[in-house]
Structure formats: structure tokens, C-alpha cells
Amino acid sequence: MRKEQIAKKLPPRYDRCCRYLSAEERAANEAAGLPWTVRFAMPLDGETVVHDELHGDISFKNADNDDFIILKSDGLPTYHLAHIVDDHLMKITHLLRAEEWISSAPRHIQIWRALGWQPPLIYHVPDVLGQDKKKLSKRHNAPSWKTFQQQGFLPEAVFNFLALIGWSFDDKTELFTREELIHVFSLERIGVSGGIYDAEKLAWMNGVYIRKLSLEEFTRRTLPFMERPEAEGGLPASISRPLDFDYTSRVLSLEQERLRTLGEAAAAVSFFYTDEEFDASLLIQKGMDAGKTRAALVRVRDVLASLATWDHEVMEPSIRELINETGLKAGQLLGSIRAAVSGRPHTPPLFTMMEVLGRERTTRRIEHAIARLTGQ
RNA sequence: GGCGCAUUCGUCUAGUGGUCCAGGACGCCGCCCUCUCAAGGCGGAGAUCACGGGUUCGACUCCCGUAUGCGCUACCA
């Protein structure tokens with residue numbers, strides 16, 4: 001029957017063949033052991049109005065709805081019946097569900113009416129959409145909470161971010177703690193159109209939340225991400241676990257304002273734990289050559305060796321003085337030192353970084369850099 | 001195909017008839033700060049409020065139509 005209807009370009013629907021069966025015919029069918037379902041006899045004409053608190057009145061022609069099944073042949077109720085009965089028994093006052101349910105709402109209104117029950121306040125809320133403008137779903141390429149968690153997104157940040165898709169407090173406030181959100185949230189301010197979730201903005205907001213953390217908490221929450229297996233994004237296997245909390249805390253204090261997710265931490269700070277390979281060309285800054293760089297680093301080594309205490313406030317003036325003496329640009333000298341001690345072009349501020357790295361490790365790395373430049 | 005919902009900067013949104021030649025945020029660009037990267041500060045570009053008709057002294061805001069997007073069209077929810 002269905003195929004026939006589709007072929008004729010008619011809406012596929014139930015032909016209501018059993019709606020008008022007499023009591024005798026029904027009894028005969030039952031006696032014959034015919035399989036059966038219970039369908040809801042929709043009014044044949046008129047319309048059903050769904051009053052939605054967000055969308056207003058939505059009306060549907062009853063003729064467009066066929067006699068839908070409320071009890072399946074296995075004896076179990078369909079969602080339509082179960083939902084109304086269950087909600088009524090649970091004394092549900094507000095019904096909030098995604099907007100794709102709007103189409104079946106008139107059926108529910110009819111069931112409520114047939115049972116003589118008062119429908120709750122109904123809110124059909126917008127969906128969170130993917131880039132394809134379709135509802136975010138696990139079936140598609142939607143990230144699950146688990147993947148967010150593995151990447152190091154903070155629950156409070158994701159919570160805050162999600163709250164702002166389809167809802168807003170006013171024209172400027174957008175950072176809310178969970179408690180604040182619970183306090184200021186109002187159903188009236190839920191919007192009607194779906195919103196595409198923007199990964200960039202989530203990352204930004206996560207960074208905001210990371211920066212708000214106390215160093216202690218930031219460290220405690222980041223440590224597990226760093227200690228996880230290398231293959232999962234943790235530090236190289238050669239670095240022994242567990243990590244020292246205090247040292248890691250000092251390391252992370254330098255990265256807190258730079259991270260957008262906790263998962264990025266390991267890659268950003270691994271050089272604080274182990275010596276890493278890097279291209280020697282990184283040592284040579286713009287306008288410099290191997291010889292000049294080597295000479296400069298030798299003087300840096302000597303200046304650092306002469307310091308009584310290993311403190312960035314002591315190091316900085318001494319190195320600045322060296323910059324003046326050598327006539328080099330700050331970027332040239334500091335860039336070389338940066339590369340020597342970290343093996344990277346971008347790092348936290350040099351002096352605090354060297355302080356955390358410690359005298360022994362810093363000195364050894366500078367010596368190593370000097371040695372590498374000597375052969376050239 | 002039928003029915004329904006939606007439509008303000010690239011994105012999330014503010015806005016309920018005049019205070020909007022449309023405000024905030026992310027992103028982008030520039031400047032400042034600065035040893036790099038960030039963070040922060042300042043500024044900029046970016047929306048004929050989907051389009052077309054009405055209603056009104058006046059429409060982003062109300063009504064109608066069109067387009068587009070999405071949803072539903074199961075003995076699934």
C-alpha cells in the first residue's frame with residue numbers, strides 16, 4: 001500500500017480501513033487471531049492548535065494527520081502515548097524538547113484532550129547545529145563530550161559556551177559560572193532559531209576559564225593530561241611519572257595564559273623535562289652568523305656563571321648589560337639564548353623560563369649550543 | 001510532494017514601532033605593550049536587519065507573499 005501511495009505521489013498514510021469496523025467484525029478478527037495495533041482516531045476535520053511558549057500558536061489541519069499508532073502489536077505503547085501518560089503521572093509542568101518535535105505536537109495535544117488532561121507549558125527549543133547547519137549528532141561528525149574532555153576542555157567552559165547557543169542574558173554578558181547561570185537563566189530568553197557551534201569561540205572561552213584557575217588548581221587539573229601516555233598526547237615516554245607537582249606547577253605558571261586547552265600542555269612544556277633535538281639554525285638570529293652567536297653565548301654563559309643567585313630578577317639586568325656591551329639587539333641575543341635553552345622559537349618570557357629550568361640545566365644547554373656552533 | 005519551523009555582521013547574538021544610517025562577543029586586520037609566543041589595552045573592516053509587497057506619520061520590530069535553510073512525513077524517539 002505504502003509503495004503504491006508513494007508511486008502515486010500521495011502522502012504515504014494509513015487508509016483507516018479498521019477505523020469503522022463494527023463490534024462484530026472486531027470480535028471476528030480477534031477470534032481469528034489476527035495481529036492488531038491500537039491507533040488514535042484523529043478528528044477528520046478542523047485543526048489542532050499547539051500553544052508553544054516560544055513560538056506562539058501553531059496550527060495544524062487535522063486532515064493532515066493520520067490515525068497514528070499508540071499501542072504496538074507487541075503490546076508496548078509508542079512514544080506518543082507513553083510520553084503523555086508518563087508526564088502526566090509525573091506531574092510535569094514544563095515540557096522542553098527540541099524543535100523537531102513540533103510536527104508531532106498536534107498528536108500529543110489530541111491525546112491530552114482525549115484523556116481529559118491539561119497539557120503542560122510547551123517549549124520547542126532550537127538545536128545546536130554543526131557547520132553543515134544540521135543538528136549536531138553523534139552519527140555525524142559531532143564531537144562528543146568525551147572528545148572535548150580528552151582535548152582538555154573544562155566542563156565549566158563548555159557548559160557556559162553551550163548555554164549561549166539559543167539563549168542569551170543580555171546584549172553583552174556572556175561569562176557565567178554554573179551557579180550564576182542557574183540563577184539568571186530564564187525560559188523566556190530562549191531563542192527560536194538554531195545556532196551553529198563555533199569551535200574557535202569555544203577554544204577562546206576555554207582559555208578564559210583556564211586563566212581564571214588558581215595555579216594550584218590549574219596544575220592539579222593539567223597534570224593528568226601531561227602524565228597520560230605519549231600516544232594520547234602526554235609527555236614523551238622517556239619522562240618518568242609521576243611528575244613532580246611543585247616543579248610542574250612552576251612550569252605551568254609560565255603557560256597558563258598561553259593555553260587554550262589543557263591537552264596542549266604537554267607539547268608546550270616538554271622541553272622543561274627533557275633535552276630535545278632541534279635544528280642548530282634556530283640558534284642563529286637575524287643578522288647573526290655562527291661565529292657571532294657562539295661568541296655571544298660564551299659571554300652569556302660567563303655572565304650567568306658569575307651570578308650568586310639564580311633568579312630572573314638578577315639575571316635580567318646582567319644580560320641586558322651584556323646586550324649593551326655587545327651592541328647586539330635584544331632580540332638577537334635573547335633569541336639565541338631562547339633557542340639554546342628551549343630548542344624552540346616561541347616560549348614563555350626568557351628570564352622566568354630560565355629560572356624555572358634551573359641553573360644546571362640552563363647552563364648545560366648553553367654549553368651544548370656553544371659546542372654545536374664551534375664546529376661550523 | 002505535503003505539512004511545519006526558521007531567516008540581524010563569516011559565527012554566536014542584542015533588539016518587541018521612533019532612543020538603531022543596528023549594540024556586544026569570537027574570528028580577522030592595524031596600533032600600543034614587548035626578548036619570541038601569548039595575555040592585555042586601543043582602534044578598524046564587517047549586516048542595504050533574506051527578498052518583495054503592504055499596515056503606519058514612522059518598521060529590524062506588525063501582516064501577506066516569495067526565496068532559501070532546516071525539520072517532520074515509521075508498529076523510532
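Throughout, protein chains are lettered first and strands after them, A, B, ... in sequence-line order, and every chain is numbered starting at 1.
- Shown here, B/rA14 forms no base pair; nothing in the strands shown gives a Watson-Crick or G-U wobble contact with both key distances under 3.5 Å.
- Residues from residues 331-340 of chain A placing a heavy atom under 4.0 Å of any atom in RNA chain B, listed by number, are A/Leu334, A/Arg338.
- Proximity of A/Ser168 to the phosphate of B/rA14: a side-chain N or O atom is located under 4.0 Å from OP1 or OP2.
- Look at A/Arg320 and you'll find a side-chain N or O under 4.0 angstrom from OP1 or OP2 of B/rC35.
- Under 4.0 angstrom from either OP1 or OP2 of B/rG40 there lies at least one side-chain N or O belonging to A/Arg211.
- Listed by first and then second residue, the ring-ring contact (aromatic ring centres under 6.0 Å, His included) pairs that reach into residues 257-303 of chain A are A/Tyr247-A/Tyr273, sequence neighbours excluded.
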Below 3.5 Å, can you tabulate the donor-acceptor pairs from side chains in residues 304-312 of chain A to any protein atom, sequence neighbours excluded?
residue	atom	partner	partner atom	Å
A/Ser306	OG	A/Val303	O	2.6
A/Trp310	NE1	A/Met354	O	2.9
A/Asp311	OD1	A/Glu313	N	2.6
A/His312	ND1	A/Glu355	OE1	2.6

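- Side chains of A/His80 and A/His108: a donor-acceptor N/O pair is present below 3.5 angstrom, by distance only.
- Sorted by first and then second residue, the salt bridge (Lys or Arg N to Asp or Glu O under 4.0 Å) pairs involving residues 151-168 of chain A (not counting sequence neighbours) are A/Glu156-A/Arg221.
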Could you give the side-chain donor-acceptor pairs of residues 188-195 of chain A under 3.5 Å, partners two or more places apart or in another chain?
residue	atom	partner	partner atom	Å
A/Arg189	NE	A/Ser168	O	2.7
A/Arg189	NE	A/Phe169	O	2.9
A/Arg189	NH2	A/Ser168	OG	3.3

Starting at the 5' end of nucleotides 43-51 of chain B, put B wherever the base has a protein heavy atom under 4.0 Å, S where only the sugar-phosphate does, and a dash everywhere else. ---------
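- Here the CG-CG distance, from A/Leu254 to A/Leu357, works out to 9.5 Å after rounding to the nearest 0.5 Å.
- If you look at A/Trp101 and A/His83, their ring centroids are not closer than 6.0 Å.
- Distance from the side chain of A/Trp101 is smallest to B/rA77 among B/rG15, B/rA77, B/rC75.
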Show me the protein contacts with nucleotides 4-7 of chain B, counting only N or O atoms at under 3.5 Å.
residue	atom	partner	partner atom	Å
B/rC5	O3'	A/His55	ND1	2.9
B/rA6	OP1	A/His55	ND1	3.1

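- When the C1' atom of B/rG10 is taken as reference, atom OH of A/Tyr197 falls 16 Å away, rounded to whole Å.
- Looking at the side chain of A/Leu350, the nearest of the listed nucleotides B/rC35, B/rC75, B/rU13 is B/rC35.
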Can you build the contact string for nucleotides 20-30 of chain B? Use B for base contact, S for sugar-phosphate-only contact, and - for no protein heavy atom under 4.0 Å. ---BSBBS---
Name each donor-acceptor pair under 3.5 Å that joins a side chain in residues 32-42 of chain A to protein atoms two or more places apart or in another chain, with its distance.
residue	atom	partner	partner atom	Å
A/Arg39	NE	A/Asp67	O	2.6
A/Arg39	NH2	A/Asp67	O	3.3

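- Here the side chain of A/Lys72 is nearest to one of B/rC76, B/rC70, B/rG71, namely B/rC76.
- The salt bridge (Lys or Arg N to Asp or Glu O under 4.0 Å) pairs that include a residue from residues 193-213 of chain A are A/Glu174-A/Lys201, A/Glu200-A/Arg260, where partners are two or more places apart or lie in different chains.
- With a cut-off of 3.5 Å on both pairing distances, B/rA59 has no Watson-Crick or G-U wobble partner at all.
- Pairs passing the salt bridge (Lys or Arg N to Asp or Glu O under 4.0 Å) check and including a residue from residues 274-299 of chain A, sequence neighbours excluded, read A/Asp275-A/Arg364, A/Asp275-A/Arg365, A/Glu276-A/Arg344, A/Arg299-A/Glu325.
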Could you run down the sub-3.5 Å N/O contacts of the protein with nucleotides 63-66 of chain B?
none

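- Among the nucleotides B/rG71, B/rA77, B/rA14, the one closest to any side-chain atom of A/Thr78 is B/rA77.
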